[in-house]
K.L.:
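Sharing a structure, written as structure tokens. Questions coming.
Computed from a predicted structure; not experimentally measured. One-based numbering, in listed order, for ligands and for the atoms of each. Hydrogens, waters and symmetry mates are skipped; everything else that's a heavy atom, side chains included, is used.
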Amino acid sequence: MDELGFNKLFAGFIMAGLLMLAGAKLADVMVPHSDLAENAYQIEVPEASAVADAAPVDKGPEPIMAMLADADIAAGEKLSKKCTACHVFNAGGAAKVGPALWNIVNAAKGAADGFSYSAAMAGFGGAWDYAALNAFLAKPKAYMPGTKMNFVGLKKPSDRANMIAWLRQQADAPVALPSAEDIAAETAANGTDS
Ligand code: HEC
């Protein structure tokens, strides 16, 4: 190759280099690669506080003990229709989807003979006193995460009071109604005087 040939080759390389630089610059102008202010695809993750707000674990549901003494027992019996797909309430009744509920007030949680409870209920501990029943029936899965009782809950405090007052009577010997101290303690624990 003569000198002119080398020069042409050299010029070719320079030209190619310039074109590449120009191309890169042009691409930059057409598609600026500035950092995005936020992700183009938002992933909705509820904030921890929102989850905590949804589950009434700290304050518990509205108090009901003061309502038990003059609750509407007949209304409670009517409400039990919401339960009878899964529970029987009569003495000596057998388990269905859920355990039999005769004598349930103040009974140990998850203790019916021969019923196969979820690990959540079997290991929860304590008894079904008025406060526990109130919290569980308000929102079963909030009170006891992992329970296999698929029931949304009784939202209205008066419904829970009527239901629990009727449940109390489905027993060999109904337990005592809450004392004035029980009622005061429940009110204090729920941080409300309603
Ligand atoms: C869709 C079926 C279903 C409905 C409806 C339902 N339950 Fe249950 N319930 C269950 C199951 C299943 C369990 C056992 C839960 C577990 O093991 O986690 C249970 C457990 C219980 C317990 C605890 C029993 C124990 O032996 O410790 C109580 C109390 C209770 N239910 C009350 C009620 C009341 C009151 C209603 C109606 C307002 C109701 N349930 C509606 C299925 C149901």
K.L.:
Could you verify whether a donor N or O on one side chain and an acceptor N or O on the other, from Asn162 and Lys78, lie under 3.5 Å apart?
P.N.:
no
K.L.:
Rounded to the nearest 0.5 Å, how far does NE2 of His87 lie from NZ of Lys96?
P.N.:
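With rounding to 0.5 Å, NZ (Lys96) is 9.5 Å from NE2 (His87).
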K.L.:
Taking side-chain hydrogen bond (donor to acceptor under 3.5 Å, both in side chains) as the definition, give me every residue that meets it alongside Trp102, ordered by chain and number, with sequence neighbours left out.
P.N.:
Asp172
K.L.:
Rounded to the nearest 0.5 Å, what's the gap from NZ on Lys148 to OH on Tyr117? Could you check?
P.N.:
9.5 Å
K.L.:
Taking only residues two or more places apart in sequence, or in another chain, which ones meet Asn134 in a side-chain hydrogen bond (donor to acceptor under 3.5 Å, both in side chains)?
P.N.:
Arg160
K.L.:
For ligand 1, list all ligand N or O to protein N or O distances below 3.5 Å, rounded to 0.1 Å.
P.N.:
| unit_1 | atom_1 | unit_2 | atom_2 | d |
| --- | --- | --- | --- | --- |
| ligand 1 | 7 (N) | His87 | NE2 | 2.7 |
| ligand 1 | 9 (N) | His87 | NE2 | 2.8 |
| ligand 1 | 17 (O) | Ser118 | N | 2.8 |
| ligand 1 | 17 (O) | Ser118 | OG | 3.4 |
| ligand 1 | 18 (O) | Ser118 | OG | 2.5 |
| ligand 1 | 18 (O) | Thr147 | OG1 | 2.7 |
| ligand 1 | 18 (O) | Lys148 | N | 2.9 |
| ligand 1 | 26 (O) | Tyr117 | OH | 2.4 |
| ligand 1 | 27 (O) | Gly110 | N | 2.7 |
| ligand 1 | 27 (O) | Trp128 | NE1 | 2.7 |
| ligand 1 | 31 (N) | His87 | NE2 | 2.8 |
| ligand 1 | 40 (N) | His87 | NE2 | 2.8 |

K.L.:
Listing request: all ring-ring contact (aromatic ring centres under 6.0 Å, His included) pairs with a residue in residues 160-188, at least two apart in sequence or in separate chains.
P.N.:
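Every pair satisfying ring-ring contact (aromatic ring centres under 6.0 Å, His included) with a residue in residues 160-188: Phe89-Trp166.
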